[in-house]
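Heads up, the thing below is written out as structure tokens.
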4 protein chains.
Amino acid sequence: MDLVATVLEKPRRKIDPEQRRAEIMQAAFSCFAERGFAGTRMEDVAAKAGIAKGTVYLHFPDKEALFISLVSGVASPILDQVGAAVEQQAMPPRQMLEMFYRLFQQEVLDTERRHLLRLIIGEGSSFPAVTEYYHREIISNGIRILRILLERAASAGSLRNPAIVETPQLIMAPALMTIIWRSLFEAYEHLDADRLFANFLDTLFLPEKGETP
Amino acid sequence: MDLVATVLEKPRRKIDPEQRRAEIMQAAFSCFAERGFAGTRMEDVAAKAGIAKGTVYLHFPDKEALFISLVSGVASPILDQVGAAVEQQAMPPRQMLEMFYRLFQQEVLDTERRHLLRLIIGEGSSFPAVTEYYHREIISNGIRILRILLERAASAGSLRNPAIVETPQLIMAPALMTIIWRSLFEAYEHLDADRLFANFLDTLFLPEKGETP
Amino acid sequence: MDLVATVLEKPRRKIDPEQRRAEIMQAAFSCFAERGFAGTRMEDVAAKAGIAKGTVYLHFPDKEALFISLVSGVASPILDQVGAAVEQQAMPPRQMLEMFYRLFQQEVLDTERRHLLRLIIGEGSSFPAVTEYYHREIISNGIRILRILLERAASAGSLRNPAIVETPQLIMAPALMTIIWRSLFEAYEHLDADRLFANFLDTLFLPEKGETP
Amino acid sequence: MDLVATVLEKPRRKIDPEQRRAEIMQAAFSCFAERGFAGTRMEDVAAKAGIAKGTVYLHFPDKEALFISLVSGVASPILDQVGAAVEQQAMPPRQMLEMFYRLFQQEVLDTERRHLLRLIIGEGSSFPAVTEYYHREIISNGIRILRILLERAASAGSLRNPAIVETPQLIMAPALMTIIWRSLFEAYEHLDADRLFANFLDTLFLPEKGETP
DNA sequence: GATGAATGAGATTTCATTCAT
DNA sequence: TATGAATGAAATCTCATTCAT
């Protein structure tokens, strides 16, 4: 048995620590996404990364640190792009929101990353460090950008109800809905996210001249 | 000595099984809500219910069964009420949605029950039986009611964008948003749910005559 | 395999918690004495006590607590007896010290308890709570009793060097020496503790009249 | 990139193996002294020696070998000096013991080396090779020297109780006492080692003529 | 029915040791 | 020779579940 093990054990690789770290996070992401924090065993992560249990601990002090660095490490290129567009007033507000939802679908909802968002929604309240980070780095910035965008739309007179400037969270709500629906109910009933977003935008904005309302 | 102990030990209560079961579920709810499925120990539940560990197993075969019967057992008096109102056309659609959001706040968002919803969002995907039940018993029914309601509003010409009849999930989105926000970010930034819902309704519906648009 | 295990597993006993606790401490004592703190596995303790791993944790929160309660629980009947004798001036100082060393031999050096003392000497510095307890409960009291005893001997003019009243620790030194010698070197060279103590006392005290000096 | 790294990485020193070995032992000593055998990680030793983990294994086959060669490698310059003095009858016995205790304080008790002695006392019984070595190389020699010294003192009529020639271990006892006290109780109560040794010697030896008894 | 001591599989984490570079 | 990433056996501790009382 020992002999077999010795013969079969795969050769030890010594790779770039950054890459190894990334591999572990990749594996961890897939495990956490599938089974949540508690349901994931460090051994699973290691196995998925193709390394030994102990190796994970060379890169992350413990399970929680791995989880936190996983969910915290997710930058928000979407927000950055929308933020940049808003900054330079690249396009009219409605187009910007269209871009936002389109990016959200392409980059989050239709990729594995949607699991990450679900993870945060589901496990966040057990990790205040995570929610604090999220609020500070992502949410408050997102709210700020959305508010600017909505204000601009309001000034331009293109909003049906300018008061929603007060609650930019409303813009995020349909996005969260699609994430949650897809995780929980998509198997039983399809939700057409494209249409959901389109309908929402049509509700938000006055029709352009020449459009059929 | 044993005799004394026997005499002194508090009498074993023999209460109505239904009530005992309800007590356990109540205790379990509070524990699961606070710490999630994996974070809850059966002993905690028993302690909270004021009974011994083993007793829980007289009423539920295992932890998962307890969890499932907990999250499944939550009826939806809100939907029932709204459903009834819709059924009998008791009031105009906008008032019905106002009632829906008000009930949601009173009965869910501002009570411990909001944790239950968060639980389902967070742990649901590990318990297909739960999501299946939810979809079948609650969601599909809710969607149906909302669709009827929106159709009626559309017919009455009170919707700014009648197309949202296609995606009644949009109505739920702000409610989910408040649940999630309150769980994760309320500590860092307050979200005014009243205003959120009001703004949303004002966006959805055309202003009544005499209202300031 | 499962079948065999099921059949072979010994019946669960439910015994008096105090007794169970005592059994565990007994087992722990034997393990710690033999292999020290770090060298002892909780599983060994459990096995020696004839119980399952987890059962130990029903009685002690962790390994350190088990160790501490083990070494702290050792009262010092020796000191109590000598203390009582000193209190009531039951016999002349020299006889009291003879009694002290004799009790030490009977109750500690020649029993398994000597390992306990060695444990404290060896591991004590890793457990400040233990040394603090020892100093407070045993050492300072012992020093006090020995000082009284030596003062009385000095007053009676029976000490060869009355100055040792200042350093009662000298009285303990030969006792420690026997413990250490027995643990480390007895296998290679016998140390006659009787004679060691007798010679020490003869050095300390002037010969009685009629004795051959 | 690799090239740069290769060029920039600090040159691997290739120093005298004897010196490297000594450095490792020095580092190991400090670690073992502070945290005992089990509490010391090989990595700590390497770090303290300023080398990589693997390098330790080029000089010592395993942890136990390192420990053993550490505690065994400690020669006893004290004994050598006293031994030499005894050999050449350089001074009267009492002065020799004074020198012994003084050297013990200067070279052991008041230096880091006291930890070594404590280590041997504490861990010795797990390493028979160590105690065997100690007895053979140091203890038996020490006992022999002390016995010669005491015999000479007895012949000279300067001992209060010539019988202690039979148990030269008594001479070591106060030294052990100071080591143990300092490790365990010094924080709570100071022990004046000077006075302890002086009082002991005054008890052992008859006062010189002209001294105040 | 009710209890809670007991179980033991299983999870996390550590660290002596190896070996490719 | 020196390195330190990688390994994996082993240790601690947890907790769902059982069952004698």
Side-chain angles (χ1 to χ4, degrees), chain A residues 5 9-17 20 38-44 46 50-64, chain B residues 2 6 9-15 17 20 38 40-47 51-64 66, chain C residues 5-6 9-17 20 38-44 46 50-64, chain D residues 2 6 9-15 17 20 38-47 51-64 66:
Chain A
E9 87 196 0
K10 60 189 140 212
R12 297 157 179 197
R13 293 175 297 151
K14 186 183 274 189
I15 70 170
D16 176 42
R20 177 49 50 92
T40 295
R41 290 153 58 236
M42 290 299 264
E43 188 153 15
D44 297 336
I51 57 179
K53 244 179 314 174
T55 305
V56 179
Y57 288 89
L58 297 177
H59 297 267
F60 300 90
D62 56 25
K63 191 182 179 183
E64 189 167 324
Chain B
D2 267 343
T6 305
E9 85 196 0
K10 63 184 166 197
R12 292 156 180 189
R13 291 179 297 151
K14 188 176 178 179
I15 70 169
R20 175 53 52 88
T40 295
R41 290 148 63 233
M42 290 299 265
E43 185 154 16
D44 297 336
V45 174
I51 56 177
K53 237 182 316 178
T55 306
V56 178
Y57 287 88
L58 298 176
H59 297 268
F60 299 91
D62 57 25
K63 191 183 180 183
E64 190 168 323
L66 173 58
Chain C
T6 304
E9 88 195 358
K10 60 189 143 212
R12 296 158 179 195
R13 293 175 299 148
K14 188 182 272 187
I15 70 170
D16 177 42
R20 179 46 52 90
T40 294
R41 290 153 59 233
M42 289 299 264
E43 189 152 14
D44 297 337
I51 56 179
K53 241 182 318 174
T55 306
V56 179
Y57 289 90
L58 297 178
H59 296 268
F60 300 90
D62 57 25
K63 191 182 178 183
E64 189 167 324
Chain D
D2 267 344
T6 305
E9 84 196 1
K10 65 185 165 196
R12 294 158 179 190
R13 290 177 298 151
K14 186 178 181 177
I15 70 169
R20 176 52 51 90
T40 294
R41 290 149 62 232
M42 290 299 264
E43 185 153 17
D44 297 335
V45 173
I51 57 178
K53 237 181 316 177
T55 308
V56 178
Y57 287 88
L58 299 175
H59 297 267
F60 299 90
D62 58 24
K63 191 183 180 184
E64 189 168 325
L66 174 58

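Proteins get letters first, then strands, A, B, ... in listed order; numbering begins at 1 in each.
In terms of the salt bridge (Lys or Arg N to Asp or Glu O under 4.0 Å) criterion, residue partners of A/E43 (sequence neighbours excluded) are, by chain and number, A/R41. Scanning for side-chain contact (heavy atoms from CB on, under 4.5 Å) contacts around A/A38 gives B/A38, with sequence neighbours left out. Remark: A/A52 pairs with A/T55 by the side-chain contact (heavy atoms from CB on, under 4.5 Å) rule, at least two apart or across chains.
Nearer to the 5' terminus of DNA chain F, by closest-nucleotide assignment, is the contact made by A/K53 (compared with the other of A/K53 and B/E43). Each of B/M42 and C/M42 was assigned the nucleotide of DNA chain F with the nearest heavy atom; the assignment lying further toward the 5' end belongs to C/M42. Looking at which nucleotide of DNA chain E each of A/A38 and B/V56 is closest to, the 5′-most match is held by B/V56.
Between E/dA2 and B/H59, a contact under 4.0 Å exists linking OP1 or OP2 to a side-chain N or O. For the pair B/R20 and E/dG1, the criterion of a side-chain N or O lying under 4.0 Å from OP1 or OP2 is not met. Residue D/T55 places at least one side-chain N or O closer than 4.0 Å to OP1 or OP2 of F/dT3.
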In dot-bracket form, 5' to 3', how is DNA chain F paired? Count Watson-Crick and G-U wobble pairs only if both distances fall under 3.5 Å, and write | where the partner sits on another strand.
.||||||||||||||||||||

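Closest to the side chain of A/K63, out of E/dT13, E/dT7, F/dA2, is E/dT13. Picking from F/dC15, E/dT7, F/dG4 the nucleotide with the shortest atom distance to the side chain of B/R41 gives F/dC15.
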